[in-house]
Trainee: 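Sharing a structure with you now.
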Protein chains: 2
Amino acid sequence: MQSSTPAGRAGRPRSAAADTAILAATRAALVDLGWSKLTLGDVATRAGVAKTTLYRRWAGKNELVVDAVAELFDELELPDRGSLADDIEGVVLQFAAILARPEARSGLMAVVAESTRDDALRERIRTSIVERQKRLVLEGRARAQTRGELPPEPDAAEAARTADLIFDMVAGAVVHRTLVSAEAANGDWVRSLTQVLLWGLTSRPTDPADPDDA
Amino acid sequence: MQSSTPAGRAGRPRSAAADTAILAATRAALVDLGWSKLTLGDVATRAGVAKTTLYRRWAGKNELVVDAVAELFDELELPDRGSLADDIEGVVLQFAAILARPEARSGLMAVVAESTRDDALRERIRTSIVERQKRLVLEGRARAQTRGELPPEPDAAEAARTADLIFDMVAGAVVHRTLVSAEAANGDWVRSLTQVLLWGLTSRPTDPADPDDA
DNA sequence: GCGCTTTCGCTACGCGTCGTAGCGTAATGC
DNA sequence: GCATTACGCTACGACGCGTAGCGAAAGCGC
């Protein structure tokens with residue numbers, strides 16, 4: 001986020017209600033118009049605020065949509081379903097359900113596209129969306145380790161690399177399936193994905209990062 | 001593509017050179033300006049053609065960029081490197097190299113974003129990019145089967161589903177790694193990815209699509 | 001060669017959005 | 001009450017969009 005109380009001092013405080021109204025209006029506009037036809041003037045009208053107010057809080061369309069979309073992914077949870085496989089399937093289905101919503105589809109990909117030429121924007125996406133949800137991988141692994149389904153990781157750096165790999169594979173596969181291949185990430189598909197992932201991670205006889213076994 | 005000879009009959013033929021010049025100019029503009037600041041007027045100037053000529057051939061920015069980017073992915077090849085693991089690593093590294101180029105980064109993600117609200121555009125992407133490169137998966141699997149690294153697939157429908165899953169996982173993971181996580185898909189990472197994928201696919205004791213083993 | 005057909009380059013236009021400036025007003029803290 | 005900041009509103013120049021209309025060029029069939 002970026003508002004709350006600006007910092008220390010006096011003057012009229014920024015309306016917190018305006019923030020939520022603007023972000024909700026942005027999502028509504030994404031549903032109705034999509035990214036390309038979304039205009040800040042329209043968002044301002046929907047939110048019931050002046051266009052200048054919007055520009056005082058966000059630098060432009062990119063930053064606004066990042067914040068509007070980021071809130072969607074905070075819904076993700078990782079309830080204990082008893083096994084690592086079921087945990088993975090559950091969270092992947094949640095992720096797929098979010099990506100099925102039009103405000104997430106068009107908004108997320110568009111800002112990622114813009115972020116390829118805007119380092120500040122990419123960092124904003126990373127901190128407010130990606131890194132924020134990487135907790136799910138860490139939590140799931142830790143839970144699986146206490147269950148005994150995964151061995152403890154002695155090397156912290158290697159553990160971090162593996163977590164990043166898993167995140168990229170899961171998130172990337174679901175995004176590619178739903179947005180590029182344009183097919184639903186239904187139960188069957190998620191089960192297959194989980195199967196491949198689980199077997200690939202658990203049945204390693206040797207350390208894959210070790211070059212002498214390749 | 002969409003031009004060549006319009007169809008049957010007389011009149012001045014469309015300049016094939018103009019097509020290639022326009023697509024090259026589009027990629028150059030993507031490098032210099034990115035998707036959002038790319039204008040069709042600028043592309044026309046770079047290509048040395050009139051803006052009206054451009055509109056006679058492409059409906060808009062989306063279709064133009066799809067065609068311009070699609071040509072990049074036709075470079076992908078699958079040379080026989082002796083083993084399935086090496087084949088996978090080779091093609092993934094090629095794919096990553098293409099995605100490292102700025103014209104592919106911003107262009108591809110942007111049109112995918114637009115395609116979430118434009119079925120015709122999504123179909124254009126699928127036929128001219130996605131389905132076109134799925135050949136790599138099929139070819140790699142066939143080669144691995146003749147090597148004896150993979151068992152033959154009795155069920156054709158199941159084989160197609162598996163190929164789609166692999167494609168979504170590989171393409172999605174590389175895209176997510178390079179564009180969202182913004183880290184290079186270098187040799188170490190590709191080896192880890194291949195390792196997980198290979199173990200996940202080969203060490204299944206039973207049919208994962210069969211519900212009675214779940 | 002000659003005419004028919006289609007493309008091409010060019011200019012000009014109305015339309016919509018952008019992002020900002022300026023001003024008066026509203027809501028706080030001290 | 002007074003300084004300070006946020007807000008709503010209006011107006012503005014700039015720019016890209018996508019199209020229309022024109023004369024000229026480049027092929028094909030005869």
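Throughout, a chain's letter reflects where its sequence line sits, starting with A, and its residues are numbered from 1. Predicted model only: the values in this text are computed from it and were never measured.
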Trainee: Measure the distance from CG on A:Leu33 to C1' on C:dG16 and round it to the nearest whole Å.
Mentor: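 Atom CG in A:Leu33 sits about 14 Å away from atom C1' in C:dG16.
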
Trainee: Provide, to the nearest angstrom, the distance between the CD1 atom belonging to B:Ile22 and the P atom belonging to C:dT7.
Mentor: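 Computing the B:Ile22:CD1 to C:dT7:P distance gives 13 Å.
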
Trainee: Using the closest heavy atom to pick a nucleotide of DNA chain C for each, name whichever of A:Gly41 or A:Thr52 lands nearer the 5' end.
Mentor: A:Gly41

Trainee: Kindly indicate whether the side chain of B:Arg12 and the base of C:dT7 share any N or O donor-acceptor pair separated by less than 3.5 Å?
Mentor: yes

Trainee: So, under a plain 3.5 Å distance rule, would you say the side chain of B:Arg56 forms a donor-acceptor pair with the base of C:dG9?
Mentor: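 Per atom types, the contact qualifies.
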
Trainee: In whole angstrom, give the distance that lies between atom OH of A:Tyr55 and atom C1' of D:dC7.
Mentor: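 Interatomic distance, OH of A:Tyr55 to C1' of D:dC7: 17 Å.
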
Trainee: Counting N and O atoms only, with roles assigned by atom type, does the side chain of B:Thr178 sit under 3.5 Å from a partner on the main chain of B:Val174, one being a donor and the other an acceptor?
Mentor: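 It does hold such a pair.
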
Trainee: Is there a donor N/O on one and an acceptor N/O on the other, under 3.5 Å, for the side chain of A:Lys51 and the base of D:dG8?
Mentor: no

Trainee: Round to the nearest Å and state the distance from B:Lys37 atom NZ to D:dA14 atom C1'.
Mentor: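 Atom NZ in B:Lys37 sits about 15 Å away from atom C1' in D:dA14.
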
Trainee: Please compare B:Gly48 and A:Lys61 by the position of their nearest nucleotide in DNA chain C and report the one closer to 5'.
Mentor: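 It is B:Gly48 whose nearest nucleotide is closer to the 5' end.
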
Trainee: Using a cut-off of strictly less than 4.0 Å, decide whether A:Arg14 has a side-chain nitrogen or oxygen near OP1 or OP2 of D:dA6.
Mentor: yes

Trainee: Can you measure B:Leu38 atom CG to D:dG18 atom P for me and round it to whole angstrom units?
Mentor: 12 Å

Trainee: What is the distance from CG of B:Leu54 to P of D:dT19, rounded to the nearest Å?
Mentor: 12 Å

Trainee: Between B:Phe95 and B:Phe73, how do the two ring planes meet: parallel, tilted or perpendicular, split at 30° and 60°?
Mentor: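 Taking B:Phe73 first and then B:Phe95, their aromatic rings sit tilted (interplane angle of 30° to 60°).
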
Trainee: Under a 3.5 Å distance rule, please check whether A:Arg177 uses its side chain to pair with a backbone N or O of A:Ala184 as donor and acceptor.
Mentor: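 Looks like yes, one N/O pair under 3.5 Å.
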
Trainee: Counting only side-chain nitrogens and oxygens, does B:Thr53 get under 4.0 Å of the OP1 or OP2 atom of C:dG9?
Mentor: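 Result: yes.
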
Trainee: Heavy-atom count around B:Glu75 CD within 6.0 Å, excluding the residue itself: above 12?
Mentor: yes

